[in-house]
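Basis for what follows: all heavy atoms, side chains included, without hydrogens, waters or symmetry-related copies.
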Amino acid sequence: MTEATPEVTRPRPAEAAPPRLFRDEARTEAVQCLACGGPIALRGFGAIQRVVCPACGSLLRPEDSGALALIHRAARAHQESALPLHARGRLDGATWEVVGICWRTVPGWPWQEFLLYNPYRGYRYLAHSTSDGHWSLGQVIPGAPKIVPGKRHAIVHRGRRYRHFSGADAYVTYAEGEFPWQVQVGDAAHIDDFVAPPHGISIEEVAASDGVELTRTAMRHLDAAEVWRAFERPGKPPKQKGVGMLAPNRWREQARSLWLSCLVLLVAWYFAVQHVAGSASEREVFQATDLRFDSVLSQEVTIGEPGSSTTVEISFTAYPLDNSWAFAEVVLIPIDGEEAIGLGMEASSYSGFEDGESWSEGDRQVDHVLGRVAGGRYLLQVTPERDTSALAENDPLGLRLGSFGPFGVRSPDTWAIRVREDVFLTRYATLPVPIILGFPLLAWLLGRRRERKRWAGSDHPM
């Protein structure tokens with residue numbers, strides 16, 4: 001009987017494990033730096049791509065198991081930043097933790113970038129300019145802003161227009177903590193900043209092995225005191241200098257509100273002036289016409305009420321009057337007082353042609369308003385004069401040829417005088433206007449001065 005050969009069972013080859021899209025969540029306990037043994041606490045879990053030891057600066061990579069793998073061993077001293085690693089603060093209604101710190105610089109402008117993390121809201125970027133002390137908070141935005149055609153490079157995002165401020169290559173000079181991207185000292189990126197203070201958009205361009213990677217971050221200005229309160233830092237924040245790239249221009253904001261307030265005040269003042277002007281009686285005290293220049297007027301008049309004061313308008317008219325002048329010396333002598341009121345009034349009218357165009361100036365009637373004239377009886381005296389040079393040239397023999405002189409010159413023959421009381425003073429109506437408009441104009445000038453300081457440090461100085 002033939003002995004049966006026992007069946008040999010061959011082991012099946014092990015199937016390859018499917019690739020993992022996400023590594024397992026890191027253990028909550030602290031892990032150690034493989035270079036210096038310092039403790040490292042992970043916060044971002046599956047999103048972390050690089051961990052920089054805050055103690056020695058070594059680069060590590062989280063493994064699928066949650067452990068760390070050493071990429072690059074380094075030894076550098078820890079440097080103090082404006083905010084410490086793992087500091088927590090409340091901004092935009094949420095609590096954020098500083099999980100990474102990256103120092104970056106462009107020529108003449110260094111800044112510290114704090115990576116904030118909230119497990120429900122993701123990442124934010126808090127930037128602190130160490131050269132001028134200004135702060136800004138940013139968030140990556142999807143999509144690309146619309147480019148505005150024109151000489152000045154500008155973009156539009158969500159209805160807001162941003163002007164190009166500057167473009168330069170930025171370099172990483174220091175890093176610690178954990179980051180959702182691969183970071184190390186010496187990394188370079190080209191950054192273009194667009195501003196619409198207090199908002200801005202930063203477009204960062206990084207050369208990668210598979211092409212160019214673009215990151216667009218929407219920024220907004222933060223007050224230094226707000227940051228210090230949010231993270232409960234002791235003392236005072238670093239002092240701010242000059243005008244930051246995204247610092248709000250409060251003078252411009254105040255100018256807009258002041259213009260609106262002034263418009264309301266001007267409308268109210270207009271109606272007030274109309275009311276006061278309409279309530280003025282403008283009563284005629286005295287009027288005389290067709291008076292000859294060879295006579296002096298002397299007339300008693302009564303102005304206003306005794307014990308009160310009023311405004312008085314005196315009008316002097318000479319006619320006919322062409323390319324000549326007339327003058328009147330007017331004196332109001334109080335009958336029951338000693339202090340007289342005197343004024344000179346000149347009427348003139350000139351016209352002609354020059355370079356093929358006609359011109360004219362002067363007026364045949366001149367008005368003068370006197371304010372706060374005491375009421376009572378006055379003696380009105382008017383002494384008139386006229387231009388007689390044209391008459392002498394045209395009538396050298398004294399033949400009385402009339403008022404016409406050569407080349408359209410006409411000296412006046414008669415004159416008139418009119419006195420009115422309780423008239424509205426126009427200068428009182430216009431006096432407050434420059435004062436009202438002065439405040440928004442001053443705010444506008446100060447706002448423009450502030451903008452000049454801001455753009456002095458840009459690629460497009462004003």
* **Distance (rounded to the nearest 0.5 Å) between Leu137 CG and Asp92 CG** => 5.5 Å
* Does any pair with a residue in residues 430-453 pass salt bridge (Lys or Arg N to Asp or Glu O under 4.0 Å), and if so which ones, sequence neighbours excluded? -> Glu451-Arg454
* Report the residues that fulfil side chain to side chain contact (heavy atoms under 4.5 Å, CB included) with His199, sequence neighbours left out, ordered by chain and then residue number. => Arg160, Tyr162, Arg220
* **Side chain proximity check, Ile417 to Ser315, heavy atoms < 4.5 angstrom** => no
* Structure fact -> Leu258 and Phe439 have their tightest heavy-atom pair at CD1-O, 3.9 Å
* Structure fact -> Hits for side chain to side chain donor-acceptor pair (under 3.5 Å) against Asp223, two or more places apart or cross-chain, chain-then-number order -> none
* **Set of side chain to side chain donor-acceptor pair (under 3.5 Å) partners for Tyr174, sequence neighbours left out** => His78, Glu176
* Structure fact -> Of all heavy-atom pairs linking Ala154 and Arg161, the shortest is CB-NH2, 3.7 Å
* Could you tell me which residues satisfy side chain to side chain contact (heavy atoms under 4.5 Å, CB included) with Leu442, sequence neighbours excluded, listed by chain and number? => Leu446
* Taking the side chain as every heavy atom from C-beta outward, state whether Val212 and His190 have any pair of such atoms under 4.5 Å apart. => no
* To do: Determine, stepwise, if the pair His128 / Phe114 fulfils side chain to side chain contact (heavy atoms under 4.5 Å, CB included).
  => CA-CA 8 Å; His128 168 57; Phe114 301 92; 4.1 Å; yes
* Assess whether atom CD of Glu284 is packed by more than 12 heavy atoms of other residues, nucleotides or ligands within 6.0 Å. => yes
* Hey, is the main chain of Leu321 close enough, under 3.5 Å, to the side chain of Ser324 for a donor-acceptor pair? -> no
* Asked: Counting distance only, does the side-chain N/O of Asp459 pair as donor-acceptor with the main-chain N or O of Gly167 below 3.5 Å?
  -> yes
* Asked: Quick check: does any side chain N or O of Asp193 sit under 3.5 Å from a backbone N or O of Ser202, one acting as donor and the other as acceptor?
  -> no
* To do: May I ask you to check whether Arg90 and Thr95 show a side-chain donor-acceptor distance below 3.5 Å?
  => yes
* Tell me, please, which residues at least two apart from Glu213 pass salt bridge (charged side-chain N to carboxylate O under 4.0 Å, His left out). => none
* Is there a donor-acceptor contact under 3.5 Å from the side chain of Glu313 to the main chain of Leu370? -> no
* To do: Taking the side chain as every heavy atom from C-beta outward, state whether Glu204 and Leu214 have any atom pair closer than 4.5 Å.
  => no
* Hey, does the side chain of His134 reach the backbone of Gly244 with a donor-acceptor pair shorter than 3.5 angstrom? -> yes
* Quick one: do Trp251 and Trp444 satisfy side chain to side chain contact (heavy atoms under 4.5 Å, CB included)? Show the steps, please. => CA-CA 7 Å; Trp251 286 115; Trp444 179 82; over 6 Å; no
* Taking only residues two or more places apart in sequence, or in another chain, which ones meet His368 in a side chain to side chain donor-acceptor pair (under 3.5 Å)? -> none
* Listed by chain and number, what are the side chain to side chain contact (heavy atoms under 4.5 Å, CB included) partners of Ala218, not counting sequence neighbours? -> Ile141
* Asked: Can Leu332 and Val419 be said to form a side chain to side chain contact (heavy atoms under 4.5 Å, CB included), step by step?
  -> CA-CA 11 Å; Leu332 284 172; Val419 180; 5.9 Å; no
* Is it true that Trp455 and Phe165 have ring centroids separated by less than 6.0 Å? -> yes
* Taking C-beta and beyond as the side chain, do Trp103 and Gln79 meet within less than 4.5 Å on heavy atoms? -> yes
* Does a side-chain heavy-atom distance below 4.5 Å link Trp111 with Trp135? -> no
* Structure fact -> Residues Ala225 and Pro237: closest non-hydrogen pair is N-CG, 4.2 Å
* Side chains of Val373 and Thr311: does their closest heavy-atom pair fall under 4.5 Å? -> no
* Asked: Under 3.5 Å, side chain of Thr310 to main-chain N/O of Glu421, donor-acceptor pair present?
  -> no
* Evaluate the criterion side chain to side chain contact (heavy atoms under 4.5 Å, CB included) for residue pair Trp359 and Tyr350; output intermediate values, then yes/no. => CA-CA 8 Å; Trp359 59 270; Tyr350 294 92; 4.1 Å; yes
* Under the salt bridge (charged side-chain N to carboxylate O under 4.0 Å, His left out) test, which residues partner Arg252, sequence neighbours left out? -> none
* To do: Under the side chain to side chain contact (heavy atoms under 4.5 Å, CB included) rule, collect the residues that match up with Ser129, sequence neighbours excluded.
  => Trp109, Ser131, Asp132
* Asked: Which residue pairs pass the salt bridge (Lys or Arg N to Asp or Glu O under 4.0 Å) test when at least one of the two sits in residues 108-129, sequence neighbours left out?
  -> Arg104-Glu113
* Asked: Would you say Arg283 has more than 12 foreign heavy atoms packed within less than 6.0 Å of its CZ?
  -> yes
* To do: Answer whether the closest heavy-atom distance between the side chains of Cys56 and Cys33 falls below 4.5 Å.
  => yes
* Asked: For atom CD of Glu282, is the number of surrounding heavy atoms from other residues, nucleotides or ligands below 6.0 Å larger than 12?
  -> yes
* Please examine the side chains of Ile147 and His153, heavy atoms only from C-beta on, and report whether any two atoms are closer than 4.5 Å. => yes
* Return yes if some donor-acceptor pair links the side-chain N/O of Asp169 with the main-chain N/O of Ile191 below 3.5 Å, else return no. => no
Please table the atom pairs, donor to acceptor, closer than 3.5 Å between any side-chain atom in residues 260-277 and protein atoms at least two apart or in another chain.
from: Ser261; atom 1: OG; to: Ser257; atom 2: O; distance (Å): 3.0
from: Trp269; atom 1: NE1; to: Ala429; atom 2: O; distance (Å): 2.8

